[in-house]
Amino acid sequence: MTGSALDRTFDVVVLGGGVNGAGVARDCAMRGLSVLLLEKQDLACGASGASSGMIHGGIRYMTSDRNVTALASRDAGYIRHIAPHLTFRIPFLLPFATHKEGSRLVERVAWYATEVYVGTYDLFQPLKGGKPSTRLTPDELYRIEPSLRPGLHGAVTLDEWGIDGQRLCLLNALSAAAHGAEIRTWTEATGIVRERGRVVAVRFRDSLTGEHGEARAGVVVNATGGWSPRFGRANGFQVRMRPGKGVHLSLDRRQSNYGVICTAVDGRQMFLMPHENESIIGTTDDDFFGDPDDLEATADEVDYLIDGAASLVPSVRRARITRAWWGVRTTLFEYGAQEDDLSRDHRIYDHAAEGSAGLLSFVGGKLASYRAQSEELADRVVGMLGRGTLPCRTHEEVLPGGDEVPSAAELASRHGIAEVVAARLVFRHGSRAREVLRVADDDPRMKLLLCRDEGILAAEVAWICRNEKVRRLQDLRRRCRLALGGCGGLDCARPAAQVAARELGWDAERTRAELADLLELGWRERRPILDGWQLAGEELLRAVHRGLGGL
């Protein structure tokens, strides 16, 4: 390989393109450091892309991890400032079931305890721009959410914020690149190089071209998430964590405009919530000590989630599940505790005592706290490099597209597209939606609507391929949710592949391979939820792709 990574010594090499890796790359680059980020797949392919899609304080952490709630709430406020187009409010309901006959005292005590608990959480709401809680009578509750099962004794409201975690990760990487960082996706770190007890370089290999190289570094930051223990064992250092598998389900539409906090059969807290154009049910939390590259949802996990949601919203059993998706949380190690009780705090490990000075590993944390976690990491990097006190500005400078949230109605009228399509463009791209639509204005064929579920125009696919570090067709799943809608890629996958092929210079063989890979990812996510008529629909979908796409 003859890339620039071979010809330079970087101040810092970041391993891992999740939100913490992208976040620390951005922070370091903004402080004037030279940065290389290596990600063996695409950005946000791990836990960052499999999160619940919320920047929330985490009310359930208040009793054991009050600092986690405070940090996440404060950072959520900063994220809303730097990416205003990418966040949206999700009001939650915490319903109460009527207790057995003769337990009115228990019922009242539960009410008062919850009001104190939620009322304490209200103290953190101003940090993230949330609204204070409200107590609802049964009549008020059923007027707001009639789909709830009968017999509930009222509810308390909570206020949270949703976000597209995959685009949040991408925008941090794009911002890092704009400040001089080199971002290499589909490039795996294959090993570290030591000299006299110090890590001085990282070997890497581009999985698409087969080329390999070595980049020297002043500091190496290991932010490989669930892959950290395995990478550490292979390279002579230890990263202790207690990985946890989390599974979510997506439903094909919004079941409600309110999220509902439910209780699973084992007593765990879970939720059914609106998120963008769909609903999400989540999440499981089970120890996982396997290979993060060999992870799937099971039918048992699907049933567990459906049962928990249906305990409060029975109509969920009649809803169409479009996919199951999963990831590995990198929670801090603790022996003996139940998975759900593990701390969501974070920790930075310095491996100098293991003969690997100059190497830091990040473990734990929450999506909502990524910016603060990245700032803490960048402070350590700056100190190790002896660069004094370079200030952090990631809470002040907006992410790409965050300088303005254009009017969807105005864009729709000006460019002759549906307002719902314009709204999805604004959500994903903010002020850069105008740049996307200029592509359509220059070539009217680019106004072709590829996906009705997500409002994806051919122009958006072309613009993303030109500007958002796309190397594989599947990257578009994380850029604009290509093939994630109810059609499973039936409408959008083939024409999007053709647009991407033209933009990226793929021949017919490469295009077919990329399309087959994209559809296989969708199949893996749908396989655990197939039953009855959905199985028949899947057979039809695959038959169409075989017949029309030659797959």
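For the numbers below, each heavy atom of this structure counts, side chains included, while hydrogens, waters and symmetry mates do not.
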Scan the side chains in residues 11-27 for donor-acceptor partners under 3.5 Å anywhere in the protein, sequence neighbours excluded, and list what turns up.
unit_1, atom_1, unit_2, atom_2, d
D11, OD1, R387, NH2, 2.8
D11, OD2, S34, N, 2.8
D11, OD2, S34, OG, 3.2
D11, OD2, R387, NH2, 3.4
N20, OD1, Q373, NE2, 2.8
R26, NE, S175, OG, 2.8
R26, NH1, T394, O, 3.2
R26, NH2, E397, O, 2.6
D27, OD1, R31, NE, 2.6
D27, OD1, R31, NH2, 3.3
D27, OD2, R31, NH2, 3.4

Spell out, as yes or no, whether a donor-acceptor pair under 3.5 Å connects the side chain of [X] to the backbone of [Y].
| X | Y | answer |
| --- | --- | --- |
| N235 | I192 | yes |
| S361 | Y349 | no |
| S228 | G226 | no |

E419: what forms a salt bridge (charged side-chain N to carboxylate O under 4.0 Å, His left out) with it, not counting sequence neighbours?
none

For H212 and T190, run side chain to side chain donor-acceptor pair (under 3.5 Å): C-alpha distance rounded to whole Å, both residues' side-chain angles, the deciding distance at 0.1 Å, then the answer.
CA-CA 9 Å; H212 56 85; T190 57; over 6 Å; no

Classify the ring geometry of F231 against F237: parallel below 30°, tilted from 30° to 60°, perpendicular beyond 60°.
perpendicular

Quick check with a 6.0 Å cut-off and a 45 degree axis cone: is R89 positioned over the face of W161's six-membered ring?
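Here R89 fails the 6.0 Å and 45° test against W161.
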
Could you check whether H81 and E396, counting side-chain N and O atoms only, form a donor-acceptor pair closer than 3.5 Å?
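Side-chain D/A pair, E396 to H81: absent.
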
Is there a donor in the side chain of E39 and an acceptor in the side chain of T185, or the other way round, less than 3.5 Å apart?
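Absent: no donor and acceptor within the cut-off.
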
If the threshold is 4.0 Å, N to carboxylate O, is there a salt bridge linking [X] and [Y]?
| X | Y | value |
| --- | --- | --- |
| D285 | R329 | yes |
| R472 | D517 | yes |
| E525 | R477 | yes |
| R481 | E454 | yes |
| D42 | R479 | yes |
| R205 | E211 | no |
| R428 | D164 | no |

I would like to know whether I464 and H429 meet side chain to side chain contact (heavy atoms under 4.5 Å, CB included); could you show each step before the answer?
CA-CA 10 Å; I464 287 173; H429 302 284; 3.9 Å; yes

Salt bridge (Lys or Arg N to Asp or Glu O under 4.0 Å), that's the test. Do R371 and D75 meet it? Break it down for me.
CA-CA 7 Å; R371 194 216 58 83; D75 224 38; 2.9 Å; yes

pair L518-L482: side-chain heavy atoms closer than 4.5 Å:
yes

Under 6.0 Å between ring centres: does that hold for F362 and H346?
yes

Checking A297 now: which residues fulfil side-chain contact (heavy atoms from CB on, under 4.5 Å) with it, not counting sequence neighbours?
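For A297, the residues satisfying side-chain contact (heavy atoms from CB on, under 4.5 Å) (neighbours in sequence not counted) are V247, E301, A324, W326, P528.
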
